[in-house]
There are 2 protein chains.
Amino acid sequence: MRQPNSAPQKATIHDVAARAGVSIATVSLALSGRGRMMAETRERVLRVVKELNFRPNAMARGLHSKRSFTVGLLTDDVYGRFALPVMQGVTEGLIDHGVSVFLCALEDNPVLAQSHLDALMEKQVDGIVVAGRRVDRILPVDLGGLTVPFIHVMSDGGPDRVSYLPDEEQGARLAVAHMVASGRRRIAHVTGPARFRVAGERAQGWRAELAEAGLAPHGPGAMFGRWSEAWGHEAVAELWASDEPPDAVFCGNDQIARGVIDALRERGVRVPADVAVVGFDNWEIVAEETRPPLSSVDMNLRELGRQAGLTLLEAINGAQVPPGVRRLPCVLRARASSAP
Amino acid sequence: MRQPNSAPQKATIHDVAARAGVSIATVSLALSGRGRMMAETRERVLRVVKELNFRPNAMARGLHSKRSFTVGLLTDDVYGRFALPVMQGVTEGLIDHGVSVFLCALEDNPVLAQSHLDALMEKQVDGIVVAGRRVDRILPVDLGGLTVPFIHVMSDGGPDRVSYLPDEEQGARLAVAHMVASGRRRIAHVTGPARFRVAGERAQGWRAELAEAGLAPHGPGAMFGRWSEAWGHEAVAELWASDEPPDAVFCGNDQIARGVIDALRERGVRVPADVAVVGFDNWEIVAEETRPPLSSVDMNLRELGRQAGLTLLEAINGAQVPPGVRRLPCVLRARASSAP
DNA sequence: CTGAAAGCGCTTACAG
DNA sequence: CTGAAAGCGCTTACAG
C-alpha cells in the first residue's frame, strides 16, 4: 500500500502560478474561463496545469463558495435489493454535475443514524437524499432541523416534502392489461400484507384495470398474505381448491410469483399455457431463473433515483421545488410466464 | 422542501467566540480539549456551542490538517448482492472515527470510472477502498498514479497491494466437515465455471477436507458448470444417472443449491433425509425460502468490509501496512437442508 | 490562561 | 490584461 508520507505532494495553485510566471489569481481565472485574458497566457497556464496534473482543492473552493458539491444518501435498506438501484441512479445523475455522494446505511439504529447525520453536516453536504426500503416506513432520523434541502425516494416524506415514488397502481394496471390482452379472463391477485401501502395500491390497480376491461376480479378479492414464496404456494392451494381456478395470477412481488409458479408446476398446471403469471419488482436474478422465466413489473428504480438526485440539485441551486409526491411510471418486462 | 436561502445561517466559530466573550482561538482550544484553560471559560464556551448548535466546518478544518476525513468506495458490483454488505461494513467501521464514505458505482464504464476518481481526488479523500464483485476481475480504473493509500476488498490487488478476501477454501472445508460429521460419505461438488478463481478454491477445499476425512471425492471430480439454478438441475440429472448417487451435494453457490434441491424434490429424493445439500454465499432471502431452508457458507462480507476500512484508516494514519492478501474465515450457517 | 496573527488553498472584487 | 489583497472557517504556534 502506497504510504501517504511517501506520496508526492499535490500541486497547489501557487505551484502552477510560479511555473507559469503569473499570479494565482490569473491561474484561477484561466481555469474558470471567466476573466478574459491573452490567449497566450491562458494557454500557458493550462499547459502547466496539465503538466503538474493540478486539480483545485474542493475544500478550499468550498470554503469560499459555501458549496461542498457533496450530498448525503441516507438509507435503511440494509439488504439493498431496492435501495441499490436507487443509490446508483442518484450517484449517476449527480456525478455529471461534479457532485459526489456520501453513503449512510442506517439499519434501524437511531444512534448510528444521528452520528451519520452529524458527520454529514460537518462535511457541509449541500443536500440529503433519503432512500427507503419501504414506502410507509419512517427512517430513524429526525430531519426536522436540517439546514439543507432534502428529498425522499422510495419513502414518503409527507405533504411538506418532495418524494419520488413508483406509480404502483399504474404498474399493476400494466400487468393486468398485458394479461387481458393475451386473452386471460379470470385474473387473480396474490400479494403481501394489507398493512403495506404498496399492497393496497397494487391491488387497486388490479381492480381498476379489470373494471376497465369489463372483467370482474377473480375470486372474493385480492389475496393478502406475506411477501414470500411460501405464501405463493399456499395461495395456489386455495385457488385451485375452487371449481373454477384462475387463468392468470398477478402477484404482488416476484417471490410470491416464484412460489406460485413452483406450486403450479408441482400440480401439473402449465405456465403459461394454462395460467399466466406476472410478478412485481423485476428482480432479475430471480425472474430469469424461474421456470419459465417470470414476467414482472419494473419500478424503474434507477431512473427514480436519478430524477430525485437532479431535483435535489435544483433545490440546492435555489429553485423552488413544490412539495408533494411525484410518481414515475413502471414498465412491464414480459418474459415467458405470461406468453399468450 | 426547505430552501437554502430561507435556511438559518450556520453558526461559525466567530459567532461562538463573540457570544462567549472570548477569542476564536479559545473556542477552538476548548472544543479540542487541548490547551488548558480555566474550567469556567471552557464551560461557558461549551454552553454557547450547544446553544448555537455549532459544528466545526470540516472543510475549513481539513484545509488546515490536510485530512478530509473522507474516503472513496469504488465498486463495480452493480447488482450489489456482494458489494452491499461490504459497503456497509466499510462505512460502519469508519463512521466511528468520523470518516464518511463516498459511493462510486462504476459498472464497467471507464469514462464514468475516471470521472468518479477525479471527483474523489478533488474532494481530497484520504484513501480509497476498491470493492469488487468477483475476485479475478479488474475494475476499469487505473489506480497507478494515486497519491492516497488504497485497499482492495473482494478483489485481488496483486502482490504489491493490500487485499481482503474471504477464505474460500476454509469455507468449503467447513461445509464438507459439517456433512461428514452428520454421516455423509458420498459428497459431490457442483459449482460454477472453472475459470472463476473462487470455483477452483472452493473445489480445492472440498477435495482437501474429504482427503482429511479419509473419503474419496464422489464421482469423477468437481462438476464445473454455471452459477445458476438451471445448472443445479442439470447436475442432479447427471448425478442420479449413475449407479450410486451421492448422499450429499456441496454447491458452489446458493443458486446452484436451490436448483439442486428443486430438482431432487421433483425426483422424489428427500432433503435432508436422503441427501444433504449445502450452498455458498448465505444469500439469506433465497436460503430461507428454499424448501427445506438451505444451509450455506457465509463469507462474512460485512466484517471483511469493516476490517478493510479500519486497515485503510491505519495506512492513512501513517502505519506501514504490509502488502498481500488477507483471508478472513467464513462461517457455516446450518439450516434444515443438511440436518443429520 | 487567553488573544493576535499567520496560514491552509482557493475565489473574487478591486486597482492599476 | 494581470496582480495584490481580502476573506471563506478553521488550527496552531507564539506572545503576553
Side-chain angles (χ1 to χ4, degrees), chain A residues 4 8-46 48-49 52-70 98 119 121-126 147, chain B residues 4 8-46 48-49 52-70 98 119 121-126 147:
Chain A
Q9 276 301 322
K10 277 175 196 152
T12 75
I13 198 170
H14 286 100
D15 301 325
V16 177
R19 183 131 167 197
V22 296
S23 74
I24 61 165
T26 301
V27 175
S28 178
L29 262 12
L31 237 29
S32 71
R34 223 167 280 199
R36 70 191 71 116
M37 58 181 54
M38 282 173 57
E40 195 221 350
T41 309
R42 161 162 289 132
E43 277 162 25
R44 182 152 36 93
V45 170
L46 294 181
V48 174
V49 162
L52 264 44
N53 193 25
F54 169 71
R55 321 202 130 275
N57 181 329
M59 304 182 86
R61 195 198 286 241
L63 203 52
H64 194 274
S65 67
K66 311 210 175 260
R67 283 277 307 268
S68 66
F69 287 91
T70 65
M121 295 320 291
E122 283 184 12
K123 260 103 188 185
Q124 311 296 119
V125 291
D126 299 327
T147 55
Chain B
Q9 276 301 321
K10 276 174 196 151
T12 75
I13 197 170
H14 286 99
D15 302 325
V16 177
R19 181 131 169 198
V22 296
S23 75
I24 62 165
T26 301
V27 176
S28 178
L29 261 12
L31 236 29
S32 72
R34 223 167 280 199
R36 70 191 72 116
M37 57 180 54
M38 282 172 56
E40 193 220 351
T41 309
R42 162 163 287 132
E43 279 162 23
R44 182 153 36 95
V45 170
L46 294 181
V48 174
V49 162
L52 265 43
N53 191 27
F54 170 71
R55 323 202 128 274
N57 181 328
M59 303 182 88
R61 195 196 285 241
L63 204 52
H64 195 271
S65 67
K66 310 212 175 257
R67 284 277 308 267
S68 65
F69 287 90
T70 64
M121 295 320 292
E122 282 184 14
K123 261 105 189 184
Q124 311 297 116
V125 292
D126 298 328
T147 56

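Order of the sequence lines fixes the chain letters, A, B, ..., with proteins taken first and strands second; residue numbering starts at 1 for each chain.
Across the protein-nucleic acid pair, A/Lys10 atom NZ and C/dC8 atom P stand 16 Å apart, rounded to whole Å. As rounded to whole Å, 18 Å separates atom P of D/dA6 from atom CG of A/Leu63. Rounded to whole Å, the distance from CG on B/Asn57 to P on D/dG7 is 18 Å. Distance CZ (B/Arg44) to C1' (C/dC1): 12 Å, rounded to an integer number of Å. Residue B/Glu122 contributes atom CD, which lies 12 Å from atom C1' of C/dC10 at whole-angstrom precision. Separating the CZ atom of B/Phe69 from the P atom of D/dC10 is a distance of 15 Å, rounded to the nearest angstrom. If you measure from atom CZ of A/Arg67 to atom C1' of D/dG9, you get 18 Å, rounded to the nearest angstrom. Atom C1' of nucleotide D/dG7 and atom CE of B/Met59 are separated by 15 Å, given to the nearest angstrom.
Counting any heavy atom pair closer than 4.0 Å across all strands shown, B/Thr12 reaches sugar-phosphate atoms only and no base atom.
Of the candidates D/dT12, C/dG9, C/dC1, D/dT12 carries the atom nearest the B/Ser28 side chain, counting heavy atoms from C-beta on. Closest to the B/Leu29 side chain, of the nucleotides C/dC10, D/dT12, D/dT11, is D/dT12. Comparing C/dC8, C/dC1, C/dC10 against the side chain of B/Thr41 picks out C/dC1 as the nearest. Here D/dC10 is the nucleotide among D/dC10, C/dC8, C/dG3 with the atom lying nearest to any side-chain atom of B/Ile13. With C/dC10, C/dG3, D/dG9 as the candidates, the nucleotide lying closest to the side chain of A/Arg61 is C/dC10. When distances are taken from the side chain of A/His64 to each of D/dG7, C/dG9, D/dT11, the shortest belongs to D/dG7. For B/Ala25, whose side chain is taken as the heavy atoms from C-beta onward, the closest listed nucleotide among D/dT11, D/dT12, D/dG9 is D/dT12.
Annotation: side chain of B/Arg19 is in contact with side chain of B/Leu52 (closest heavy-atom distance under 4.5 Å). Residues A/Met59 and A/Leu63 have side chains not in contact (no heavy-atom distance under 4.5 Å, counting atoms from C-beta outward). Looking at B/Pro56 and B/Ile13, their side chains never come closer than 4.5 Å, going by heavy atoms from C-beta outward.
Regarding contacts with the backbone of C/dT11, every side-chain N or O of A/Lys66 stays at 4.0 angstrom or more from both OP1 and OP2. Taking side-chain N and O atoms only, A/Thr26 has a distance below 4.0 Å to OP1 or OP2 of D/dG3.
Across all strands shown, D/dC1 is found opposite C/dG16 as a Watson-Crick or G-U wobble partner, with both distances under 3.5 Å.
The closest donor-acceptor contact from the side chain of A/Arg44 to the backbone of A/Ala20 lies under 3.5 Å.
Here the shortest heavy-atom pairing between B/Asn57 and A/Gln124 reads OD1-CG, 3.4 Å.
Residue whose closest nucleotide on DNA chain C sits further toward the 5' end, between A/Ile24 and B/Gly21: B/Gly21.
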